[in-house]
A.B. asks: 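Provided herewith is a single structure, encoded as structure tokens, for subsequent inquiry.
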Amino acid sequence: MSSSSSASPPSPSSDFRDNVRGILAMLVCCLCFILNDTLVKAAGETLPLGQVIFWRGVASVVFVGVAAVWFGALRNARQHLSAALGLRIFGEVAATLLYLSALLHIPIAVGSTIAQAAPLMITAAGAVFLGEKVGWRRWTAVLVGFLGILIIVRPGAEGFGIWSLMALASVGLVVLRDLMTRRIPASTPTLFITATTAFAVMVSGAGMALGEEWRLMTGHEALLTLGSGLFLIGGFIFIIIAMRSGDVSIVSPFRYSFIVYAIVIGYLVWGDVPDGPTLLGIAIVVGAGVYTFLRERQLHLKTSMAAAAEPGPAGALPRDPANPRPGVVRPSEETPVG
């Protein structure tokens with residue numbers, strides 16, 4: 001009679017607590033990121049955008065840089081440099097500049113919804129460029145989600161212009177960033193990637209400011225800029241907690257709380273009220289995104305069950321050492337910086 005060992009599966013209550021922790025962290029993460037966008041948009045009403053990005057970047061670089069030095073992520077920095085890292089940094093910098101430029105001229109709920117189309121586009125890009133298997137159901141969800149985006153931006157309608165196109169272009173650059181993240185060697189520390197990207201975004205803000213009228217900030221503007229940096233850092237911290245807690249396919253759909261926050265804040269701060277077509281488009285994008293997450297979870301469970309059905313030595317069920325919790329999707333360590 002064998003005794004119980006550490007290989008026994010986690011209890012349902014443990015999984016439940018992990019999922020609740022992950023969901024709460026994702027909700028806080030999205031709140032931090034939307035407050036960052038709100039403060040940048042508010043500061044950009046009176047300050048040049050390049051100056052806002054630069055000073056926000058200073059706060060991010062100081063925090064992330066100290067953490068990177070503390071944990072030794074900057075040791076042997078040269079060996080961590082790669083073409084994939086360079087392309088990832090380019091995608092992040094360009095996406096940040098385009099998205100924040102657009103955000104100053106479009107309602108925050110519209111910009112936020114366009115940004116949340118990224119997971120759908122990443123699914124499509126993974127199939128096209130990385131050869132990942134995507135069935136007709138998820139392709140349908142991608143197309144339906146893109147239809148929702150078209151309903152929101154309404155090409156040809158009054159109000160559609162360069163800023164809507166810039167927001168859409170930023171999503172494409174986010175896809176480039178995430179695809180290149182998958183290509184970065186696993187030996188490259190996450191903090192090294194985050195620190196170099198944050199530094200590049202800060203420098204891009206300084207470069208942008210060279211073509212603007214640089215001026216001293218008022219106390220109010222300084223608080224807005226500093227606050228945006230602090231909320232950005234908070235978003236970094238809580239996205240890592242969210243992605244490392246519980247089942248990522250359960251936690252990830254709560255990223256769409258970002259849109260709910262954006263609608264509420266847009267109304268409270270700027271008096272923006274989404275019209276009927278915009279709300280319909282938002283519902284379509286969210287529905288398509290949530291369906292994609294749930295479908296990926298279902299496929300992962302089928303794969304895990306098929307693997308577990310194969311008998312191992314002495315009739316034992318094999319366990320994946322890289323994922324000791326069958327049926328639980330391993331969380332990504334991708335950290336958004338924009």
Side-chain angles (χ1 to χ4, degrees), residues 26 30 84 87-88 91-92 94-95 98-99 109-157 160 164-184 242-243 247-260 277-307 323 327-334 336 338:
M26 180 62 78
C30 291
L87 286 172
R88 184 202 183 277
E92 179 68 47
L98 288 179
Y99 178 72
V110 171
S112 299
T113 304
I114 293 174
Q116 292 306 306
L120 294 170
M121 297 182 71
I122 290 169
T123 297
V128 173
F129 298 109
L130 300 182
E132 296 179 355
K133 186 177 180 180
V134 176
W136 68 269
R137 293 178 181 85
R138 282 187 290 166
W139 272 120
T140 301
V142 169
L143 294 176
V144 170
F146 186 69
L147 174 62
I149 293 295
L150 291 178
I151 292 174
I152 293 170
V153 301
R154 278 164 277 178
F160 178 81
S164 298
L165 291 176
M166 288 176 67
L168 284 171
S170 74
V171 176
L173 289 161
V174 167
V175 172
L176 171 65
R177 178 200 71 184
D178 288 356
L179 292 181
M180 289 302 103
T181 300
R182 301 185 190 187
R183 300 274 182 156
I184 295 174
M243 290 292 96
D247 185 335
V248 72
S249 61
I250 292 176
V251 172
S252 290
F254 285 86
R255 69 187 299 154
Y256 290 104
S257 62
F258 191 87
I259 298 174
V260 177
T278 299
L279 290 174
L280 174 62
I282 289 173
I284 291 173
V285 171
V286 172
V290 171
Y291 173 81
T292 300
F293 282 123
L294 294 178
R295 179 61 182 167
E296 289 175 355
R297 170 179 166 78
Q298 183 183 34
L299 293 174
H300 176 83
L301 289 175
K302 286 182 179 179
T303 302
S304 298
M305 291 172 65
N323 185 11
V328 178
V329 182
R330 296 186 69 206
S332 164
E333 293 188 1
E334 165 68 4

A.B. asks: Rounded to the nearest 0.5 Å, what separates atom CD1 in I284 from atom OG1 in T113?
C.D. replies: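 If we round to the nearest 0.5 Å, I284:CD1 and T113:OG1 are 11.5 Å apart.
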
A.B. asks: Test V290 against every option in P119, P253, S252 by the side chain to side chain contact (heavy atoms under 4.5 Å, CB included) rule and name the one that passes.
C.D. replies: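 That would be P253.
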
A.B. asks: Got a sec: does the CZ of F258 have more than 12 other heavy atoms crowding it under 6.0 Å?
C.D. replies: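 Yes, because the 6.0 Å sphere around CZ of F258 holds more than 12 heavy atoms from other groups.
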
A.B. asks: Nearest heavy-atom pair of A169 and L98: which atoms, and what distance?
C.D. replies: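 Closest pair (atom of A169, atom of L98, distance): CB-CD1, 3.9 Å.
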
A.B. asks: Please report the C-alpha distance between M180 and E92 in whole Å, then the side-chain angles of each, then the deciding distance to 0.1 Å, and finally whether the side chain to side chain contact (heavy atoms under 4.5 Å, CB included) criterion is met.
C.D. replies: CA-CA 11 Å; M180 289 302 103; E92 179 68 47; over 6 Å; no

A.B. asks: Using 0.5 Å steps for rounding, measure from the OG atom of S164 to the CD1 atom of I114.
C.D. replies: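 Between S164 OG and I114 CD1, I get 5.5 Å after rounding to 0.5 Å.
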
A.B. asks: Could you tell me if the side chain of V174 sits less than 4.5 Å from the side chain of R177, heavy atoms only?
C.D. replies: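 Yes, at least one pair of side-chain atoms sits under 4.5 Å.
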
A.B. asks: To the nearest 0.5 Å, tell me how far I282 CD1 sits from I151 CD1.
C.D. replies: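 Output value for this atom pair is 11.0 Å.
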
A.B. asks: Using a 4.5 Å cut-off on heavy atoms from C-beta on, say whether the side chain of V142 contacts that of M121.
C.D. replies: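 Of all side-chain heavy-atom pairs linking V142 with M121, none is under 4.5 Å.
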
A.B. asks: For a 4.5 angstrom cut-off between non-hydrogen side-chain atoms, does Y256 reach M26?
C.D. replies: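 No, their side chains stay 4.5 Å or more apart.
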
A.B. asks: For A125 versus L179, what's the shortest heavy-atom pair and its separation?
C.D. replies: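 That would be CB-CD1, 3.6 Å.
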
A.B. asks: Where do A288 and A141 come nearest, in terms of heavy atoms and distance?
C.D. replies: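 Here A288 and A141 meet closest at CB-O, 3.3 Å.
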
A.B. asks: Check the surroundings of atom CZ in F146: do more than 12 heavy atoms from other residues, nucleotides or ligands lie under 6.0 Å from it?
C.D. replies: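 Count not over threshold, so no.
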
A.B. asks: Would a 4.5 Å heavy-atom cut-off, applied to side chains only, mark R88 and R182 as touching?
C.D. replies: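 Not in contact.
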
A.B. asks: Within the distance-only criterion (no hydrogens, no angle test), does the side chain of S112 pair as donor or acceptor with the backbone N or O of A109 below 3.5 angstrom?
C.D. replies: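 A pair under 3.5 Å: no.
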
A.B. asks: If you round to the nearest 0.5 Å, how far is CG of L87 from OG1 of T181?
C.D. replies: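 If we round to the nearest 0.5 Å, T181:OG1 and L87:CG are 10.5 Å apart.
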
A.B. asks: Hey, could you give me the OH/OG1 distance between Y291 and T140, rounded to the nearest 0.5 Å?
C.D. replies: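 Answer for the OH-OG1 pair, Y291 versus T140, is 7.5 Å.
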
A.B. asks: Distance check, rounded to the nearest 0.5 Å: R138 atom CZ versus L120 atom CG?
C.D. replies: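 One finds 11.0 Å between CZ of R138 and CG of L120.
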
